[in-house]
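So the structure is just underneath, and the comments pick up after that.
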2 protein chains.
Amino acid sequence: MKDMIMETGIQLFGEKGFKETSIQDLMDELKVTKGTFYYYYKSKEELLKDIHLQYINRLVQHQESIINDESLNCEQKLYQIIYSLIHDIKKEGLTAKVFFREMRHLSDENLDVIVSKRDKFRLNIQSIVEEGIVADEFRSDLPADIVTFGILGIANWSYFWFQPDGEKTDEQVSKIFHEILVQGMNGPKNS
Amino acid sequence: MKDMIMETGIQLFGEKGFKETSIQDLMDELKVTKGTFYYYYKSKEELLKDIHLQYINRLVQHQESIINDESLNCEQKLYQIIYSLIHDIKKEGLTAKVFFREMRHLSDENLDVIVSKRDKFRLNIQSIVEEGIVADEFRSDLPADIVTFGILGIANWSYFWFQPDGEKTDEQVSKIFHEILVQGMNGPKNS
């Protein structure tokens, strides 16, 4: 049931917005009573927090399996992470929408939890960049923190434009972005 | 007066959110009567549209002055556009917030107007990329449309993290991103 409530939350918050969705709307859609809802969640915001948490936890978990894959070098890890972000928008579009758009409706306390997980996700990418610099895969004259924001920007922005049924697949888009970033981070040392 | 209403709209919509701000809130902040407000705007949404329109018009106008500057080559034009976006977040943070966050509260009709201006802004960047490919400034094996989304992503994402009073200036960040993008778009032809 908890999973079903979460699914319905994603659907309604994604389509109508968090503010615009009442607990009554959720109950109507789920065909359950108030008692059932409150058995699982203290409030609508608690449900929003769970949606955020599940989304970011899944991303971080997948990211760490990439990072720990010793068969990949840094630029290959970077590709896998870019692909996972763009693929996720394809697969989990509505959840991504709720994640990016409704964050400001979380309480400060819940926001802290989510932000620290987002930070972890970002700092994991930054470690790959730093590792790649040490391994001489990437140039050393660009600051790893700002480069990391660039990588996140290029991948996350896809949420605003990427059409899963469009001309280019998630894989093609990921390859193009990876190509630009890696070549850009390789720097002029080859010239 | 119209300017003052717009300023106050940006402030309240940016701080509290569009949905959460009433016309009464606007009047209280402005210390004007309902009559004054309705003399200038038919509705709160009309005001939101004006804020969006002013923001995107200013961006497009500045962009076109860059594009028409014949002293710049394509990669220099690209730098100026990236800088203008990141500088704008520094200068007009609250307006950018309203622009990115509150767009979904526009009516379909008003949204069409804004979206077509956003498209124009994007297609202007795409022309620079295409021109740069023809001029052999940029590699020709990457599709200009996806590359353009990458450029917009890297620059626009700054809105979510860039701290105007942080360690790096808007100029430094722009240079780093420009460096990655141009190097990436130069491609392996130098290697």
Side-chain angles (χ1 to χ4, degrees), chain A residues 14-20 82 85-86 97 100-105 118-119 122 129 138-139 141-163 166-169 172-191, chain B residues 14-20 82 85-86 97 100-105 118-119 122 129 138-139 141-163 166-169 172-191:
Chain A
E15 283 165 6
K16 298 168 54 156
F18 175 76
K19 272 270 171 192
E20 291 78 1
I82 293 167
L85 282 167
I86 297 178
K97 196 176 230 171
F100 284 126
R101 200 183 59 191
E102 307 293 355
M103 185 160 291
R104 73 199 168 98
H105 293 299
R118 284 184 76 144
D119 286 349
R122 176 172 54 82
V129 175
F138 305 139
R139 61 201 283 185
D141 62 333
L142 297 178
D145 55 348
I146 306 291
V147 170
T148 301
F149 281 121
I151 296 168
L152 275 170
I154 221 170
N156 281 340
W157 194 253
S158 312
Y159 155 72
F160 292 104
W161 65 269
F162 179 64
Q163 301 288 348
E167 211 184 306
K168 296 268 189 305
T169 65
Q172 287 171 317
V173 170
S174 304
K175 280 193 178 148
I176 295 162
F177 286 167
H178 175 255
E179 177 67 28
I180 294 176
L181 289 167
V182 166
Q183 189 62 37
M185 289 159 71
N186 256 330
K189 67 182 172 197
N190 295 331
S191 67
Chain B
E15 284 166 5
K16 297 168 54 155
F18 175 75
K19 273 271 171 191
E20 292 78 0
I82 293 166
L85 283 167
I86 297 177
K97 196 177 230 171
F100 284 124
R101 199 184 59 190
E102 307 293 356
M103 184 160 292
R104 74 199 167 99
H105 293 299
R118 284 184 77 144
D119 286 349
R122 175 171 55 82
V129 175
F138 306 138
R139 61 201 284 185
D141 62 333
L142 298 179
D145 53 349
I146 306 292
V147 170
T148 300
F149 281 120
I151 296 168
L152 274 170
I154 219 172
N156 280 341
W157 195 254
S158 312
Y159 154 73
F160 292 103
W161 64 268
F162 179 63
Q163 300 289 348
E167 212 185 304
K168 295 267 188 306
T169 66
Q172 288 172 317
V173 171
S174 305
K175 279 192 179 151
I176 295 162
F177 286 166
H178 175 254
E179 178 66 27
I180 294 176
L181 289 167
V182 166
Q183 190 63 37
M185 289 160 71
N186 256 330
K189 68 182 173 199
N190 294 330
S191 67

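Just so you know, these numbers come straight off a predicted model, no measurement behind them. Proteins come first, then strands; the chains are lettered A, B, ... in the order of their sequence lines, and each starts at number 1.
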### Message
Using the side-chain contact (heavy atoms from CB on, under 4.5 Å) definition, which of the options B/Leu142, B/Thr148, B/Asp145 pairs with B/Val129?
### Response
B/Thr148
Beyond-backbone contact of [X] with [Y], side-chain heavy atoms, under 4.5 angstrom:
X	Y	result
B/Gln172	A/Pro143	no
A/Val173	A/Trp161	yes
A/Arg104	B/Lys97	no

### Message
Could you report the tightest heavy-atom contact between B/Leu85 and B/Ala155, atom names first, then the distance?
### Response
CD1-CB, 3.7 Å
For [X], which atoms come within 4.5 Å of any heavy atom of chain B: side chain, backbone, both, or neither?
X	value
A/Arg122	neither
A/His105	side chain
A/Phe177	side chain

## Note on the structure
In terms of heavy-atom pairs under 4.5 Å with chain B, the winner among A/Arg101, A/Lys19, A/Lys168 is A/Arg101
### Query
Can you say whether the rings of B/Trp157 and A/Phe100 are parallel (under 30°), tilted (30 to 60°) or perpendicular (over 60°)?
perpendicular
### Selection from B/Leu152, B/Ile176, B/Val147, B/Ile151 maximising heavy-atom pairs under 4.5 Å formed with chain A
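So the answer, after comparing B/Leu152, B/Ile176, B/Val147, B/Ile151, is B/Ile176.
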Does any backbone or side-chain atom of [X] lie under 4.5 Å from a heavy atom of chain A? Answer side chain, backbone, both or neither.
X	result
B/Phe162	neither
B/Glu20	side chain
B/Ile146	both

